[in-house]
There are 2 protein chains.
Amino acid sequence: MARAPDTLNKRATVKDVARVAGVSAGTVSNALSGKRRVDSQTQARITAAIEQLGYVPNLAARGMRTGRAGTIAIFSSMPIAVAGGQSRLGFLMEIAASAAESAMQNNLALLLIPPIADPATALGTIGFDGAILVEPSADDPYRALLAARGVPTVLIGPAAGMSDPSVTLDYRQMATLLFDHLVELGARRIPLVIGQSARASNLAFREVYRERCATLGLTPEIIALPEADGEIGAERAIDAHIANGGAPDGILVPIDAMATGVMSALRTRGLSVPGAVKVATRYDGLRARSETPPLTALNLHLDEVADLATRLLVERIEAGSDTSDVKAPDPELLARGSTLAG
Amino acid sequence: MARAPDTLNKRATVKDVARVAGVSAGTVSNALSGKRRVDSQTQARITAAIEQLGYVPNLAARGMRTGRAGTIAIFSSMPIAVAGGQSRLGFLMEIAASAAESAMQNNLALLLIPPIADPATALGTIGFDGAILVEPSADDPYRALLAARGVPTVLIGPAAGMSDPSVTLDYRQMATLLFDHLVELGARRIPLVIGQSARASNLAFREVYRERCATLGLTPEIIALPEADGEIGAERAIDAHIANGGAPDGILVPIDAMATGVMSALRTRGLSVPGAVKVATRYDGLRARSETPPLTALNLHLDEVADLATRLLVERIEAGSDTSDVKAPDPELLARGSTLAG
DNA sequence: GGCTCACAGTAAAACGTTTTAATGACTTTA
DNA sequence: TAAAGTCATTAAAACGTTTTACTGTGAGCC
């Protein structure tokens, strides 16, 4: 069987296929896309010709005609290397990996867009049909740009008053789930170790924490730390806190890097987990899982979240119309060794 | 200043810009690309017109003309969710994140291609100018497809006899570095805990391990395990090994998931690290860093590796010619608490 | 003054596909 | 049997760029 000489000659076009199959170019196009009926006999001749010539459609040409790029983009506005480091990478990439998969199921490919110095000009060189923004801040530089350009956009994050449709993550629910779990297991003095920035997640956790404490008659102890200080910062802070006021019987520490630090502090102080102190964190990443004992955390169903976001985006792209928000699946408590005696 | 009505009217084209600036379309194109000189006065008129109309080039049309998609793709042939789980995700995504950044510096965007059931048809829907394959196996399904389609490809991995240019990772060097480190610190009985599959990395580590043992007159003890059993598998295996033959004074365990398992086993047996046993692993990911004590590992300079691969690929795309292999930067020993006292 | 040369610009072709309007051929309906 | 409707197909237009070949125009050189 003669192979088409791929490298030397130019790639076969739809016209070549048409000639070989003895039909017109339009018919080949219809056969390929299935947009119109084509006789099964001609269909067969066309597929034969395609096979014979090793025809591969030119996607740029198709894209020009249809106005579709065949890609969607996922943006990480936060510098991966800096903020959160590898934990954040984990969170983001777990989403990206799943989004890539569901995009592919919609015949789309996923573009990974890193944070860049000059978003505006860079966006001019990249074509995509829609965008997913992960936990954008209120003043996210990309959001404005995308909106101005009329690119369909879907957010993953809190249901703040942003205009774009989003897969909403319910931080309040997460906070409640974790806090109540600690309380149910008997903890009564439960400091909250949390980031001090105004990110939605931090705010929600503080809010719920205060409310629940008030309801249950517990004394709130909020230890707010710069996120950038991460592990070490949390270790020192909780250590100092214990030195001052004695040991708690539970600690709620949503950010996993801080949780690692807290665990270290407890270890060096000889406070057993979960015997003396029960610890819970939010994101069930590598950190939480490889602690000793492994940390109680939440299954956020990020794969489903990514899938939902992708589907929402596809819908929005195809319908053109606005679509409503979608709630992320309920987070699920993963009670592990850091709260349950084993 | 009147904004161009983005949403209602069609997007401005190069012709519109030309009309407003009082020049021809070709000149606008030249002004944009800089391929030919254009008078500074006209240049100014054109940029003004672009600004006024909010012109954004249609990338599909450009791509059709130039034959460039403006993207490169990075492939993970291994199912992310399965093999290696989150550690592998870390490794891969560390590379992907860096590659995305350097791609952007070359005015390219990075496509994240997940492993999929039917690579052939999926590739037909995605356009890209080149591909990066991370640690492809010998029978990688993508490699054949990409080669057949004549897509410039760059490999990240061992310098096996693959035809494509690659950024070569020197597994032998990594193995030597880690093993010798353990020996230098006085370890004499150093089992190797390793994956049993025929992946290049495993082979190289075993090879070097045997050679060095022979040279130094040490008794080799190779514990080969199914990668899929991961953490737990390694924990059980090393425990059994110790039960049978007594405690070693060093352990070389390249795969980080297995290293975590080994650490657990040592902990439950009350063997102090690094006092009684020194432990070293290869990839300096989240796992290695958040162990207690943190694990001695290698800085593989994955950011530079990704950058090299991207640059190599760009070169190959632009030159069209074959390019030679590039050696990855030398791995650097990160001696941490798991081998160093203090 | 004739010759060439560089310069800045233009008109039109070309890229490969999808879509539109038109065309027969054949079937159904009146 | 004529009119109206399907059906599969086609020729040509259209998408928005870049590139090619060509055109004046004025400068420099002998």
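Below, read A as the first sequence line, B as the second, and so on, with proteins coming before strands; counting in each chain starts at 1. What's counted below: heavy atoms across the whole structure, side chains too, no hydrogens, waters or symmetry copies.
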| field | Angle of first-five versus last-five pair axes in the helix from C:dG1-D:dC30 to C:dA30-D:dT1, to 10 degrees | value | 40°
Nucleotide [N], atom [atom2] - distance to [atom1] of [X] in whole Å:
{"X": "A:Leu59", "N": "C:dT17", "atom1": "CG", "atom2": "P", "value": "9 Å"}
{"X": "B:Arg68", "N": "D:dT19", "atom1": "CZ", "atom2": "C1'", "value": "15 Å"}
{"X": "A:Ile46", "N": "C:dT18", "atom1": "CD1", "atom2": "C1'", "value": "14 Å"}

| request: Could you tell me how the ring of B:Phe75 sits relative to the ring of B:Phe128: parallel (under 30°), tilted (30 to 60°) or perpendicular (over 60°)? | output: perpendicular
Donor-acceptor contacts under 3.5 Å from residues 104-112 of chain A side chains, at least two apart:
unit_1: A:Asn106; atom_1: ND2; unit_2: A:Ser102; atom_2: O; d: 2.9

| query | According to the side-chain hydrogen bond (donor to acceptor under 3.5 Å, both in side chains) rule, which pairs have a member within residues 35-46 of chain B, sequence neighbours left out? | reply | none
| request: Check every strand shown and say whether B:Thr13 touches a base, only sugar-phosphate, or nothing at a heavy-atom separation below 4.0 Å. | output: sugar-phosphate
| message | If the condition is side chain to side chain donor-acceptor pair (under 3.5 Å), which residues does A:Asp164 pass it with, not counting sequence neighbours? | response | A:Arg143
| field | Under the side chain to side chain donor-acceptor pair (under 3.5 Å) test, residues paired with A:Thr27 that sit two or more places apart | value | A:Ser24
| task | Can you run down the salt bridge (Lys or Arg N to Asp or Glu O under 4.0 Å) pairs that involve residues 14-27 of chain B, sequence neighbours left out, and say none if there aren't any? | result | B:Asp16-B:Arg19
| Got a sec, which residues hit salt bridge (Lys or Arg N to Asp or Glu O under 4.0 Å) with B:Asp307, two or more places apart in sequence or on another chain? | B:Arg311
| query | Within the structure, does a side-chain N or O atom of B:Thr27 lie under 4.0 Å from either OP1 or OP2 of C:dT10? | reply | yes
| Which parts of residues 29-45 of chain A get close to DNA chain C, meaning a heavy atom less than 4.0 angstrom away? | A:Ser29, A:Lys35, A:Arg36
Go through the structure and list residues passing side chain to side chain contact (heavy atoms under 4.5 Å, CB included) with [X], not counting sequence neighbours.
{"X": "A:Pro57", "value": "A:Tyr55, A:Arg62"}
{"X": "A:Val305", "value": "A:Ile156, A:Val167, A:Leu169, A:Ala328, A:Pro329"}
{"X": "A:Asp118", "value": "A:Ala120, A:Thr121"}

Show each protein N/O and nucleotides 11-15 of chain D N/O combination with a separation under 3.5 Å, one pair to a line.
unit_1: D:dA14; atom_1: N3; unit_2: A:Arg65; atom_2: NH1; d: 2.7

| field | Residue pair A:Glu94 / A:Asp303, side-chain heavy-atom distance below 4.5 Å | value | no
